[in-house]
Amino acid sequence: MPTAAQNLASADPATDTARVAAVREWFRDAGRDLPWRGGTTPWGVLVSEIMLQQTPVVRVEPVWREWMARWPTPGDLAAASQADAVRAWGRLGYPRRAKRLWECAAAIAERHGGQVPSDPVALRDLPGVGDYTAGAVMAFAFGRRALVLDTNVRRVIGRAWRGEALPPAHQTAAERTHAAALVPEGDAAAAEWAAASMELGALVCTARVARCDECPLARSCAWLAAGRPGLAEAPRRTQPWHGTDRQVRGRILALLRVASSPVNVTGHATLEDVEPGQLDRCLEGLVADGLVRAVSSERGTYEL
DNA sequence: AATACGGGGGC
DNA sequence: GCCCCAGTATT
């Protein structure tokens with residue numbers, strides 16, 4: 001009887017290799033020509049990865065271009081204000097990422113001589129850099145072998161290898177072990193697999209509309225062979241939005257981003273519909289997060 | 001392990 | 001209108 005690890009690893013190493021090779025070949029022809037793929041610096045890759053956390057490529061691309069033109073090195077961003085970083089972040093969402101990227105720039109300038117570190121432990125120590133981003137920078141900025149396991153790769157492996165419609169909400173240790181076993185030997189091959197598997201998940205093997213007729217794994221995909229089961233029944237991950245603290249926080253920041261001077265938030269006409277208790281709670285949260293500063297001289301007044 | 005955290009484009 | 005997206009930090 002096989003162990004659980006053997007079940008997850010692979011029934012056939014030759015199949016693993018063939019699938020990985022097929023995805024890499026597909027990528028060379030079908031991969032998008034994105035500005036942070038080649039022709040940029042490690043800093044450009046790091047900026048792109050932070051921006052791409054939970055935000056689609058099409059929305060990131062214009063902001064990334066403006067950001068890199070304005071702050072081409074970590075030192076340039078470190079010399080700017082946090083407020084300017086949050087403003088330049090625009091409407092990408094999760095503005096704490098802008099703060100963390102700004103903190104990244106300072107840490108890189110101070111601790112790493114202005115150069116993005118090429119060491120996974122040092123990367124992981126940077127604010128806003130988790131396991132995914134550290135691996136992505138190793139692979140895409142430095143061309144090194146790394147495990148790059150994002151939502152796209154999880155879905156591709158889950159379908160093609162394990163026949164599952166969608167991966168569970170949270171990564172498991174077994175899933176990481178399986179994914180790590182599929183990473184090719186050799187830096188260049190591993191980095192290409194990382195980009196290719198992500199791209200396949202982003203363009204073809206998407207969450208709700210799988211374009212199996214375009215897929216390089218169609219002939220060997222476990223999920224397709226099984227008749228693509230379970231997609232309709234898979235749990236949704238939608239989150240409430242209207243009227244939530246998240247929305248109110250976003251509305252407050254939207255006001256402060258465009259203001260050149262402190263704003264009386266609690267008396268602002270566009271926030272009249274927000275309950276005072278919720279408004280206060282959100283403002284306190286934004287202050288606690290270090291995204292917003294209260295102007296002490298004037299009650300209810302804030303700035304970035 | 002669960003929860004908080006934005007915003008918009010595709011369907 | 002629902003659903004998802006190159007996740008991370010905190011509890």
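To find a chain, count down the sequence lines: A is the first, B the second, and so on, and within it residues start at 1.
Taking a 6.0 Å sphere around CZ of Arg144(A), one finds it holds 12 or fewer heavy atoms contributed by other residues, nucleotides or ligands. Within 6.0 Å of CD in Gln115(A) there are 12 or fewer heavy atoms belonging to other residues, nucleotides or ligands. Within a 6.0 Å radius of CZ in Arg219(A), no more than 12 heavy atoms belonging to other residues, nucleotides or ligands are found. More than 12 heavy atoms of other residues, nucleotides or ligands shown are found within 6.0 angstrom of CG on Asp273(A).
Straight-line distance from the CD atom of Glu192(A) to the C1' atom of dA6(C): 17 Å, rounded to whole Å. Across the protein-nucleic acid pair, Asp150(A) atom CG and dC4(C) atom C1' stand 13 Å apart, rounded to whole Å. We find that CD of Glu49(A) is positioned 16 Å from P of dC5(C), with the value rounded to whole Å. Atom pair Asn152(A):CG and dC4(C):C1' shows a separation of 11 Å (rounding to whole Å applied). In this structure, NE2 of His242(A) is placed 18 Å from P of dC3(C), rounded to the nearest angstrom. If you take CE of Met51(A) and C1' of dT8(C), they are 17 Å apart, rounded to a whole angstrom.
Tyr132(A) and Gln53(A) are not linked by any side-chain donor-acceptor pair at a separation below 3.5 angstrom, with hydrogens and angles left out of the test. Side-chain contact annotation: Gln171(A) with Arg154(A), donor-acceptor N/O pair under 3.5 Å absent. A side-chain donor-acceptor contact under 3.5 Å links Trp161(A) and Asp16(A). Between the side chains of Arg100(A) and Tyr94(A), no donor N or O sits under 3.5 Å from an acceptor N or O. For the residue pair Arg97(A) / Gln54(A), no side-chain donor-acceptor distance below 3.5 Å is found, with atom types taken as modelled.
At a threshold of 4.0 angstrom between heavy atoms, the contacts of Val129(A) are confined to the sugar-phosphate backbone, with no base atom among them. Contacts of Trp89(A) with the nucleic acid, taken as non-hydrogen atoms under 4.0 Å apart, are absent. Contact annotation for Arg37(A): base contact, defined as any heavy-atom pair under 4.0 Å involving a base atom.
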Handout entry: CA sep, side-chain torsions, deciding dist, call: Val204(A), Trp26(A), side chain to side chain contact (heavy atoms under 4.5 Å, CB included)
Key = CA-CA 11 Å; Val204(A) 174; Trp26(A) 167 85; 3.7 Å; yes
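Between Arg154(A) and dG7(C) there is no side-chain polar atom (N or O) within less than 4.0 angstrom of OP1 or OP2.
Mapped onto DNA chain C by nearest heavy atom, Thr133(A) and Arg237(A) fall at different nucleotides, with Arg237(A) at the one closer to the 5' end. Of the two residues near DNA chain C, Ala234(A) and Arg100(A), the one whose nearest nucleotide lies more 5' is Ala234(A).
The stretch residues 263-272 of chain A has no heavy atom under 4.0 angstrom from DNA chain C at all. The stretch residues 197-208 of chain A comes close to DNA chain C through Met198(A), Ala207(A), Arg208(A), each having a heavy atom under 4.0 Å from the strand.
When the salt bridge (Lys or Arg N to Asp or Glu O under 4.0 Å) test is applied to Asp289(A), the partners found at least two apart in sequence or on another chain are Arg96(A), Arg249(A).
dG6(B) and dC3(C) are spaced 15 Å apart, taking the C1' atom of each and rounding to whole Å. Rounded to the nearest Å, the gap between the P atom of dC11(B) and that of dA6(C) is 14 Å.
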Side-chain donor-acceptor distances from residues 296-304 of chain A under 3.5 Å, at least two apart:
| residue | atom | partner | partner atom | Å |
| --- | --- | --- | --- | --- |
| Glu303(A) | OE2 | Arg293(A) | NE | 3.3 |

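Ala190(A) approaches Arg145(A) most closely through the heavy-atom pair CB-CG, 3.4 Å.
Partner of Trp36(A) under the ring-ring contact (aromatic ring centres under 6.0 Å, His included) criterion, out of Trp64(A), Trp67(A), Phe140(A): Trp64(A) alone.
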Exercise for the section: Assign a letter to each nucleotide of nucleotides 2-11 of chain B from its 5' end: B, base within under 4.0 Å of a protein heavy atom; S, sugar-phosphate only; -, no contact. Expected result: -B-BBBS--S
Completion exercise
Annotated structure of DNA chain B as dot-bracket, pair cut-off 3.5 Å, Watson-Crick or G-U only, | for inter-strand, is |||||.|||||
